[in-house]
Amino acid sequence: LITIRELYRNKEQYIGKKITVGGWVRSNRDSKTFGFIVLNDGTFFETLQIVYGDKLSNFAEIAKINVGSALIIEGELVATPEAKQPFEIQATDIQVEGNSPSEYPLQKKRHTLEYLRSISHLRPRTNTFQAVFRVRSLIAYAIHKFFQERDFVYVHTPIITGSDAEGAGEMFQVTTLDLNNVPLTEDGKVDYAEDFFGKPTNLTVSGQLNGETYAMAFRNIYTFGPTFRAENSNTTRHAAEFWMIEPEIAFADLKDDMVLAENMIKYIIRYVLENAPEEMNFFNSFIDKGLLERLEHVANSEFGHVTYTEAIDILVKNNDKFDYKVSWGCDLQTEHERYLTEEVFKKPVFVTDYPKDIKAFYMKLNEDNKTVAAMDLLVPGIGEIIGGSQREDDYDKLVQRMEELGLDKEDYDFYLDLRKFGSTRHAGFGLGFERCVMYLTGMGNIRDVIPFPRTVNNCEL
Ligand code: 4AD
Ligand code: MG
């Protein structure tokens with residue numbers, strides 16, 4: 001079978017030749033003696049028109065074939081210079097691989113994204129989701145390419161872990177204990193000695209701590225894997241299962257970290273614009289007008305920089321615009337993040353040096369003893385897509401911070417070892433993969449950029 005992508009790529013080679021294609025019917029209209037099928041084979045964003053006539057032995061069957069049916073078609077590829085599409089197939093043989101009844105849930109009319117979410121196993125057959133999931137795949141490839149070209153080592157960090165890297169307590173517990181008959185210790189607590197690992201475990205909220213151990217061996221590493229958070233936030237930007245990319249760089253500080261993040265984002269944008277022009281044009285026309293112009297601009301200009309303290313000064317002056325009023329020390333909500341990046345800077349902006357009390361234990365304490373060397377990258381339309389920091393590399397300061405926060409030192413022995421044995425300054429960040437896909441496609445809901453979304457009260461398929 002020849003793919004539609006290949007026909008577009010090398011059309012001179014196939015015009016006038018007999019070829020065979022396979023795909024699914026997008027539409028079929030017939031008159032008495034001939035008909036037209038629009039075929040999509042998933043390999044390219046364009047469809048292929050098939051012309052068939054009553055010379056086909058099964059003409060009557062084909063004339064009635066429904067949207068969604070799978071066909072194998074043999075015929076001659078003919079140039080159609082006057083038509084919208086450059087060529088069509090004049091069919092000499094059409095085999096029905098699998099018919100589809102007329103109640104096929106995807107018809108030619110446009111369906112809402114909400115409706116398509118209810119049929120997540122069929123939605124990849126629509127234009128929108130063909131575009132989203134091909135671009136998602138390309139972004140993943142571009143990210144690997146970016147890091148591999150710079151000699152970063154890809155580290156596979158574990159999915160089941162015993163730690164809460166972010167300290168936010170938003171973990172999904174993993175257990176083989178029978179919840180209807182939990183074994184108890186003498187003092188009435190759950191007896192984890194009976195559990196599979198002999199202790200409480202959970203799905204990872206971040207690969208960072210494990211990643212750091214490899215950065216202290218390879219210098220530059222990255223992770224790229226599934227991440228789980230039992231955050232009870234029902235928003236368009238939060239999923240319980242999402243993918244995260246976490247580079248970690250040794251002999252590097254917060255500035256180096258931001259340079260890496262900015263270069264990575266620009267690289268991905270350029271890669272996708274170059275390698276998925278049809279899909280990106282589709283998003284620009286039907287999902288988010290102005291997307292292409294905006295991305296081109298982002299790829300070719302400097303990101304903004306502002307400290308948390310400066311950002312708070314700006315936000316406090318505009319508190320009347322917010323549901324949640326800000327003051328120094330509070331965490332930024334999405335409304336504040338979006339205000340900064342959409343109204344003040346009008347481009348991606350790094351916010352740096354947050355108060356230590358609203359950030360994770362591992363971030364490097366600044367000289368002021370109040371803030372840490374943290375950075376969040378905020379982008380218009382979404383808010384935070386990257387969170388990162390320089391890490392506390394001083395053993396004593398890290399222990400002190402862990403004690404302040406009541407963390408159990410024994411759980412973090414391996415992590416403290418890194419500060420004992422050849423410690424060096426190092427930094428890293430986490431890019432939320434789905435938020436990155438949203439940013440590059442203009443899609444407004446995280447549920448529409450992950451094939452089978454998991455969110456509060458929703459784990460279908
Ligand atoms: O800011 P976060 O929590 O940072 C970390 O996990 C660090 N360990 C990263 C590091 O320094 N190695 O998460 C990083 C990013 C966020 O900026 C956001 O894009 C994404 O992960 N993210 C989510 N995406 C979708 N759904 C959720 N529930 C998310 N939580 C975080
Ligand atoms: Mg964050």
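Both ligands and their constituent atoms are indexed starting at 1 by order of listing.
Looking at T175 and D195, their side chains do bring a donor and an acceptor atom within 3.5 Å of each other.
Less than 6.0 angstrom separates the ring centroid of F282 from the ring centroid of F45. A ring-centre distance under 6.0 Å is not found for H144 and F146.
Under a cutoff of 6.0 Å and an axis angle of 45°, K359 and Y354 form a cation-pi pair. In this structure, R401 forms no cation-pi arrangement with F361, as its terminal cationic atom is not both closer than 6.0 Å to the ring centre and no more than 45° off the ring axis. A cation-pi arrangement is not found for R270 relative to Y267, the charged atom failing to lie both closer than 6.0 Å to the ring centre and inside a 45° cone about the ring normal.
Residue D448 holds its CG atom at 8.0 Å from CG of L116, rounded to the nearest 0.5 Å.
Neither the backbone nor the side chain of D376 comes within contact range of ligand 1; no heavy atom lies under 4.0 Å. By the criterion of a heavy-atom distance under 4.0 Å, neither the backbone nor the side chain of Y439 is placed next to ligand 1.
For E246, a nitrogen or oxygen atom sits less than 3.5 Å from a nitrogen or oxygen atom of ligand 1, counting backbone and side chain alike. The N/O atoms of S206, backbone and side chain alike, include one that comes under 3.5 Å of an N/O atom in ligand 1. For the pair E248 and ligand 1, the shortest N or O to N or O distance does not fall below 3.5 Å. Checked by distance only, ligand 1 and G388 stay at 3.5 Å or farther apart across all their nitrogen or oxygen atoms. Remark: ligand 1 and M244 share no N or O pair separated by less than 3.5 Å (distance only, no angle test).
Among all heavy-atom pairs drawn from L254 and A373, the shortest one is CD1-O, 3.3 Å. Annotation for M171 and L203: closest pair CG-O, 4.4 Å, computed over non-hydrogen atoms. The minimum heavy-atom distance between E302 and E262, with the atom names listed, is CA-OE2, 3.7 Å.
Among the backbone and side-chain atoms of E384, an N/O/S atom is found under 2.8 Å from the Mg ion (ligand 2).
Using a 4.0 Å cut-off to heavy atoms of I446, the atoms of ligand 1 that qualify are 25 (C). The contact set between ligand 1 and E231, taken as ligand atoms under 4.0 Å from a residue heavy atom, comprises 27 (C), 28 (N), 30 (N). Close approach to Y362 involves these atoms of ligand 1, each under 4.0 Å from a residue heavy atom: 7 (C), 8 (N). Atoms of ligand 1 found under 4.0 Å from any heavy atom of R237, numbered from 1 in the order shown, are 25 (C), 26 (N). When each atom of ligand 1 is checked for a heavy atom of I386 under 4.0 Å away, the hits are 17 (O). Close contacts between ligand 1 and R391 involve ligand atoms 10 (C), 11 (O), 12 (N) [criterion: under 4.0 Å to a heavy atom]. The contact set between ligand 1 and G387, taken as ligand atoms under 4.0 Å from a residue heavy atom, comprises 1 (O), 9 (C), 10 (C), 11 (O), 17 (O).
Shortest contact from atom 10 (C) of ligand 1 to any protein heavy atom: Q208 OE1, 3.3 Å. Among all protein heavy atoms, the one lying closest to atom 26 (N) of ligand 1 is A239 N, 3.0 Å. The protein atom (non-hydrogen) at minimum distance from atom 20 (C) of ligand 1 is G432 CA, 3.6 Å. Protein heavy atom nearest atom 3 (O) of ligand 1, with residue, atom name and distance: R229 NH1, 2.7 Å. Nearest to atom 1 (O) of ligand 1 among the protein's heavy atoms is E384 OE2, 3.0 Å. Among protein heavy atoms, the minimum distance from atom 18 (C) of ligand 1 is reached at R435 NH1, 3.6 Å. Annotation: atom 19 (O) of ligand 1 to nearest protein heavy atom, I385 O, 2.8 Å.
For L377, the closest heavy-atom approach to ligand 1 does not fall below 4.0 Å.
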Check against side-chain contact (heavy atoms from CB on, under 4.5 Å), C330 and Y324: CA-CA 10 Å; C330 75; Y324 182 95; 4.3 Å; yes

Could you go step by step and tell me if F433 and F224 meet the side-chain contact (heavy atoms from CB on, under 4.5 Å) rule? CA-CA 9 Å; F433 186 54; F224 190 160; 3.9 Å; yes

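A salt bridge does not link E460 with R454: none of the charged nitrogens is closer than 4.0 Å to a carboxylate oxygen. Ion pairing between E342 and K346 fails under the 4.0 Å rule for side-chain N and carboxylate O.
Of the listed residues (Y222, F242, F433), the one carrying the non-hydrogen atom nearest atom 23 (C) of ligand 1 is F242. Closest heavy-atom approach to atom 15 (C) of ligand 1 within the set G383, G430, S389, C436: this belongs to G430.
The only member of E279, R110, R26 that meets side chain to side chain donor-acceptor pair (under 3.5 Å) when paired with N127 is R26.
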